[in-house]
Amino acid sequence: MKIPLSSVQDAGVAIRTMRKRAGIRIDDFALTAGVSKQFMTDLENGKPSVQMGMVLSLLQRLNIRASLDLPETAIDTFRSESRKVDSRRAKKVASKSLDTDVHLKERSATGESSND
């Protein structure tokens with residue numbers, strides 16, 4: 001059944017439903033999901049400040065698909081903006097990699113070891 005996802009509470013109730021159906025205690029699920037029991041409690045109770053990335057990760061672990069229903073007129077703009085974000089992230093990763101390489105070369109040149 002498709003339900004609208006319009007709040008953290010909607011996601012939390014869906015996660016609680018699937019967790020309980022599977023017979024998994026909240027602390028056990030939190031442990032296997034790599035989050036704190038407090039985070040799980042906050043999420044299942046609809047606390048609006050929970051981290052979106054963690055919520056989406058938990059939904060995926062429970063095989064719950066979430067989607068956005070954009071109007072057809074927005075699809076081209078969405079794709080364009082998505083490419084821009086991907087490009088910025090790729091540049092940021094490349095820059096960090098370059099910074100790390102330069103730092104390692106500088107350390108090597110001065111005789112420092114990675115254990116210092």
Side-chain angles (χ1 to χ4, degrees):
M1 173 176 143
K2 290 186 179 186
I3 59 167
L5 181 60
S6 59
S7 67
V8 173
Q9 182 175 328
D10 294 340
V13 170
I15 288 170
R16 176 186 288 142
T17 299
M18 297 303 289
R19 178 183 60 77
K20 284 188 169 189
R21 282 189 62 220
I24 302 171
R25 294 180 349 181
I26 193 169
D27 53 339
D28 291 336
F29 185 74
L31 182 65
T32 60
V35 298
S36 69
K37 181 181 176 188
Q38 185 62 54
F39 175 83
M40 284 301 304
T41 300
D42 289 347
L43 172 57
E44 289 188 359
N45 288 312
K47 185 175 180 181
S49 61
V50 296
Q51 293 180 341
M52 181 71 160
M54 293 174 76
V55 173
L56 293 173
S57 177
L58 291 172
L59 290 171
Q60 288 176 341
R61 286 178 182 261
L62 289 167
N63 202 26
I64 299 172
R65 285 185 235 124
S67 62
L68 302 173
D69 188 11
L70 296 178
E72 287 295 322
T73 57
I75 297 300
D76 289 340
T77 304
F78 172 82
R79 288 182 180 141
S80 173
E81 293 301 319
S82 185
R83 284 190 298 272
K84 289 177 189 177
V85 170
D86 289 343
S87 176
R88 284 193 296 267
R89 283 188 177 175
K91 287 177 184 175
K92 190 174 184 178
V93 168
S95 175
K96 282 185 179 183
S97 177
L98 181 61
D99 289 347
T100 300
D101 290 346
V102 168
H103 180 71
L104 290 175
K105 287 178 184 175
E106 289 171 351
R107 289 183 66 157
S108 177
T110 61
E112 293 181 53
S113 74
S114 60
N115 296 331
D116 290 347

Exercise. Taking atom CG of Asn63 as the centre, does the number of heavy atoms from other residues, nucleotides or ligands within less than 6.0 Å exceed 12?
Worked result: no
Problem set entry | Smallest separation among heavy atoms of Asp10 and Pro4, with atom names | OD2-O, 3.3 Å
Exercise. When rounded to the nearest 0.5 angstrom, what is the spacing between CZ in Arg16 and CD1 in Ile26?
Worked result: 7.0 Å
Exercise. Who are the side chain to side chain contact (heavy atoms under 4.5 Å, CB included) partners of Pro48, not counting sequence neighbours?
Worked result: none
For this session: Please report the shortest heavy-atom distance between Leu5 and Ala11, naming the atom on each side.
Result: CD1-N, 3.5 Å
Exercise. Cluster question for you: counting only ILVMFWY and a side-chain heavy-atom cut-off of under 4.5 Å, with indirect links fine, are Val35 and Leu62 together?
Worked result: yes
Problem set entry | Spacing of CG belonging to Leu43 relative to CD1 belonging to Ile15, to within rounding of 0.5 Å | 4.0 Å
Show me, pair by pair, the donor-acceptor contacts under 3.5 angstrom made by side chains of residues 67-84, not counting sequence neighbours?
unit_1	atom_1	unit_2	atom_2	d
Glu81	OE2	Lys84	NZ	3.2

Seminar exercise, completed: One should read off an interatomic distance between Leu58 CG and Glu44 CD, to the nearest 0.5 angstrom, of 9.5 Å
Exercise. Quick one: do Phe39 and Leu59 end up in the same hydrophobic cluster if we chain Ile, Leu, Val, Met, Phe, Trp and Tyr together by side-chain heavy atoms under 4.5 Å apart?
Worked result: yes
Exercise. With hydrophobic residues grouped by side-chain heavy-atom distances under 4.5 Å, do Ile3 and Val13 end up in a single group?
Worked result: no
Exercise. Does the side chain of Met40 come within less than 4.5 Å of Asp27's, by heavy atoms?
Worked result: no
For this session: Identify the two heavy atoms, one from Arg19 and one from Arg25, that lie closest to each other, and give their separation to 0.1 Å.
Result: NH1-C, 3.7 Å
Problem set entry | Close side-chain approach of Lys47 and Val8, heavy atoms under 4.5 Å | no
Problem set entry | Donor-acceptor under 3.5 Å (Thr41 side chain, Lys37 main chain) | yes
